[in-house]
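For reference, positions follow the sequence shown, starting with 1. Note that the coordinates shown come from a computational prediction; the quantities given were computed from them, not determined experimentally.
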Amino acid sequence: MNHPRATAPSSPSDNEPWIYKKGPAFGMPGVHVDGMDVLKVREVAMEAVARARRGEGPTLIECETYRFRGHSLADPDELRKKEEKDHYFARDPIPQFAKYMVSNGLATEEDIKELEKKVQAEVEDCVEFADNSPKPDMSQLLENVFADPKGFGIGPDGRYRYEQPGFTAGTAEVS
């Protein structure tokens, strides 16, 4: 991604703002694609999947897209100009792909509206499920977030077991 506010070097020795160019350093090709174009993303993804199925390994795909809102509810999103936002809103991939489907006879306007209703209902069901679910136990905080760097597991307090007092002395509680 090469947007001025989003591409500060991650370290003093890393001045390459394009993520896809980092692929070869990890032994894989890197591909840049316009993430606002559903069909281009599909094409690149299909090529990457075919490459992987041939046993040629992974592909790093950078799908350059645009965030339509601030980072969070606390971000009023005042740094971007209206013209910039309008430019990307006009390229929003969801309505663009809906237009493509209708103009190519793949769906009708009614089909699109029905699909939008189904998606909205599913999102609302998911939000309701999340709101009504119990909060996870603290011991699950890091579960499936980071690799356990030393392979000893995560304790009930959510910390890696090797960080617990007494671990190196062999007196840590391990279940």
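For the side-chain hydrogen bond (donor to acceptor under 3.5 Å, both in side chains) condition, the pairs that include at least one residue of residues 119-129, sequence neighbours left out, are Gln120-Glu124. Within the structure, salt bridge (charged side-chain N to carboxylate O under 4.0 Å, His left out) pairs that include any residue of residues 65-77 comprise Asp77-Arg80, Asp77-Lys85 (at least two apart or interchain). For residues 92-105, no pair satisfies side-chain hydrogen bond (donor to acceptor under 3.5 Å, both in side chains), with sequence neighbours left out.
More than 12 heavy-atom neighbours from other residues, nucleotides or ligands sit within 6.0 angstrom of CG on Leu39.
Partners of Phe68 according to the ring-ring contact (aromatic ring centres under 6.0 Å, His included) rule, which considers only residues two or more places apart in sequence or in another chain, are Tyr66, Phe89. Every residue two or more places apart in sequence or in another chain that forms a side-chain hydrogen bond (donor to acceptor under 3.5 Å, both in side chains) with Glu56 is listed here: Arg54. In this view, Arg51 satisfies the salt bridge (charged side-chain N to carboxylate O under 4.0 Å, His left out) rule with no residue, not counting sequence neighbours. Applying the side-chain contact (heavy atoms from CB on, under 4.5 Å) rule to Arg53 yields the partners Val49; only residues at least two apart in sequence or on another chain are considered. Not a single side-chain hydrogen bond (donor to acceptor under 3.5 Å, both in side chains) links Asp131 to another residue, sequence neighbours left out. When the salt bridge (charged side-chain N to carboxylate O under 4.0 Å, His left out) test is applied to Lys82, the partners found at least two apart in sequence or on another chain are Asp86. With sequence neighbours excluded, no residue satisfies side-chain hydrogen bond (donor to acceptor under 3.5 Å, both in side chains) with Glu109.
The structure places NE2 of His32 at 8.5 Å from SG of Cys63, a figure rounded to the nearest 0.5 Å. The distance from the CG atom of Asp137 to the NZ atom of Lys135 is 13.0 Å, given to the nearest 0.5 Å. If you take CZ on Arg42 and CG on Asp37, they are separated by 12.0 Å, rounding to the nearest 0.5 Å. To the nearest 0.5 angstrom, Asp111 atom CG is 10.0 Å from Leu106 atom CG. Interatomic distance, OH of Tyr20 versus CD of Glu64, reported as 9.5 Å (0.5 Å rounding).
Residues Tyr88 and Met36 come closest through the heavy atom pair O-CE, 3.7 Å. Nearest heavy-atom pair across Gly35 and Pro93 is O-CG, 4.4 Å. Of all heavy-atom pairs between Gly30 and Pro24, the closest is N-CD, 4.3 Å.
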Derivation of the side-chain contact (heavy atoms from CB on, under 4.5 Å) call for Thr59 and Met28: CA-CA 6 Å; Thr59 302; Met28 68 181 87; 5.8 Å; no
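Using a 4.5 Å cut-off between side-chain heavy atoms of Ile, Leu, Val, Met, Phe, Trp and Tyr, Val123 falls into a hydrophobic cluster with Leu115, Val119, Val127. In the hydrophobic clustering, where aliphatic and aromatic side chains (Ile, Leu, Val, Met, Phe, Trp, Tyr) are joined below 4.5 Å either directly or transitively, Val41 groups with Val31, Val33, Val44, Ile61.
At a threshold of 4.5 Å between non-hydrogen side-chain atoms, the residues Leu60 and Ile19 count as touching.
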